[in-house]
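To keep things clear, I will list the structure first and then write my remarks on it.
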2 protein chains.
Amino acid sequence: MSDLLERLRGRGWRMTAQRRVVAEVLDGDHVHLTADEVHARAVTRLPEISRATVYNTLGEMVTLGEVIEVATDGRAKRYDPNAHRPHQHLVCGRCGAIRDVHPAGDPLADLPDTERFGFVISNVEVTYRGLCPSCATTA
Amino acid sequence: MSDLLERLRGRGWRMTAQRRVVAEVLDGDHVHLTADEVHARAVTRLPEISRATVYNTLGEMVTLGEVIEVATDGRAKRYDPNAHRPHQHLVCGRCGAIRDVHPAGDPLADLPDTERFGFVISNVEVTYRGLCPSCATTA
DNA sequence: CCCTACAATAGACATTGTCTAAGTCAAGTG
DNA sequence: CACTTGACTTAGACAATGTCTATTGTAGGG
């Protein structure tokens with residue numbers, strides 16, 4: 001089930017205990033951990049892993065395109081291993097819950113040439129904000 | 001031309017030299033300054049203004065709905081005084097340039113009920129990423 | 001089994017943002 | 001126009017997140 005690890009291995013990534021643990025911690029669906037959360041979980045399996053290594057490893061996975069960096073709240077960046085199916089995010093402004101969602105249509109197509117100002121656009125990030133069912137009723 | 005200041009005054013906002021300077025610095029089109037940039041510019045007009053006041057003032061303007069907080073890069077938040085015309089942002093990943101853009105259609109309408117998972121959605125933030133004309137040719 | 005280049009480490013440092021206690025002031029009241 | 005009061009501002013400590021460096025460790029090829 002460790003797809004992420006397999007993909008990384010297949011790219012000639014030098015494997016170490018630290019990298020394996022980071023990849024395992026981050027693998028799965030609807031995973032959107034911050035670097036510190038990844039570190040906290042990694043430490044339970046490999047107590048001597050350092051923060052710097054977690055940051056470096058996450059950065060490399062992003063560069064390789066196997067993990068996506070998401071800025072949902074202007075605070076800590078979050079890391080999403082679901083890099084191979086285009087999707088967007090739904091965020092609860094109260095408790096911070098995050099869901100992957102798949103809007104209809106291509107958001108890129110909605111931006112006419114006249115509104116591109118000569119930019120070469122490579123991707124679009126859409127964040128839907130609101131309240132999750134639980135927070136909406138407790139509000 | 002200080003529309004922002006007028007709008008704030010009209011809401012019974014207690015006026016001080018500091019608040020006036022922050023509002024003036026932030027006013028205009030295609031303005032997307034970080035809190036520290038606002039502070040740097042404010043200091044040239046009012047040398048004793050503190051960082052805390054800039055943060056407080058920006059936060060209040062956001063609460064009043066007269067300024068929008070934008071998280072374009074996972075680093076510092078940016079503040080956009082163009083709060084009364086819905087728009088999205090186009091960001092250059094190399095030099096950080098930001099443009100306001102107006103996509104066709106309503107991004108909210110693209111998210112079917114089955115993809116809302118019971119969330120009450122209040123707004124959508126769309127960030128188009130790419131390279132600006134100048135960075136695209138120098139790349 | 002040994003090299004060697006690449007990876008990991010601890011901890012200092014940088015950036016961005018928040019909080020507190022004390023001083024200051026805008027604006028309504030008399 | 002002085003007084004008063006509650007809201008505003010300040011400096012600086014603190015917190016959270018991220019980056020960098022010099023040193024030590026190790027994966028994987030020969």
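Chain identifiers are assigned alphabetically (A, B, ...) following the order of the sequence lines, protein sequences preceding nucleic acid strands; residue numbering begins at 1 within each chain.
Among C:dG17, C:dA10, C:dT15, the nucleotide with an atom closest to any side-chain atom of B:A35 is C:dG17. Listed nucleotides D:dT9, C:dT9, D:dT10 differ in distance to B:T57; the shortest reach to its side chain belongs to D:dT9. The B:N56 side chain lies nearest to D:dT9 when the options are D:dT9, D:dC20, D:dG18.
A side-chain donor from one of B:D100 and B:N82 sits under 3.5 Å from a side-chain acceptor of the other.
Salt bridge A:R129/B:E125: present, at least one basic N to carboxylate O contact under 4.0 Å. Look at B:E115 and A:R99 and you find no salt bridge, because none of the NZ, NE, NH1 or NH2 atoms lies under 4.0 Å from a carboxylate O.
Contact between A:A35 and A:V54 at its shortest, heavy atoms only, is O-CG1, 3.7 Å.
Here B:R19 reaches the OP1 or OP2 of D:dC8: one of its side-chain N or O atoms lies under 4.0 Å away. Listed pair B:Y55 / C:dT18 fails the phosphate criterion, with no side-chain N or O lying under 4.0 Å from OP1 or OP2. Under 4.0 angstrom from either OP1 or OP2 of D:dT10 there lies at least one side-chain N or O belonging to B:Q18.
Between A:H39 atom NE2 and D:dT17 atom C1' there is a gap of 13 Å when expressed in whole angstrom units. Per the geometry, CZ belonging to A:R51 stands 11 Å off C1' belonging to C:dA10, to the nearest Å. Between B:K77 atom NZ and C:dT15 atom P there is a gap of 19 Å when expressed in whole angstrom units. Straight-line distance from the CG atom of B:D73 to the C1' atom of C:dT16: 11 Å, rounded to whole Å. Note: CD (A:E48) to C1' (D:dT23) measures 17 Å, nearest angstrom. Between A:R78 atom CZ and D:dA16 atom C1' there is a gap of 13 Å when expressed in whole angstrom units. At whole-Å resolution of the value, CG in B:L8 and C1' in D:dA7 are 16 Å apart. B:I49 has its CD1 atom 15 Å from the C1' atom of C:dC25, to the nearest Å.
Among the protein residues, A:A52 comes within range of the nucleic acid bases, having at least one heavy atom under 4.0 Å from a base atom.
For A:R11, the CZ atom is densely surrounded, since the number of other residues' heavy atoms within 6.0 Å is greater than 12. No more than 12 heavy atoms of other residues, nucleotides or ligands sit less than 6.0 Å from atom CZ of A:R41.
In this structure, A:W13 is a member of the same hydrophobic cluster as A:V25, with clusters built from ILVMFWY side-chain heavy atoms closer than 4.5 Å.
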### Annotated protein contacts, base or backbone, on nucleotides 24-30 of chain D with a non-hydrogen cut-off under 4.0 Å, one of B, S, - each
-BBBS--
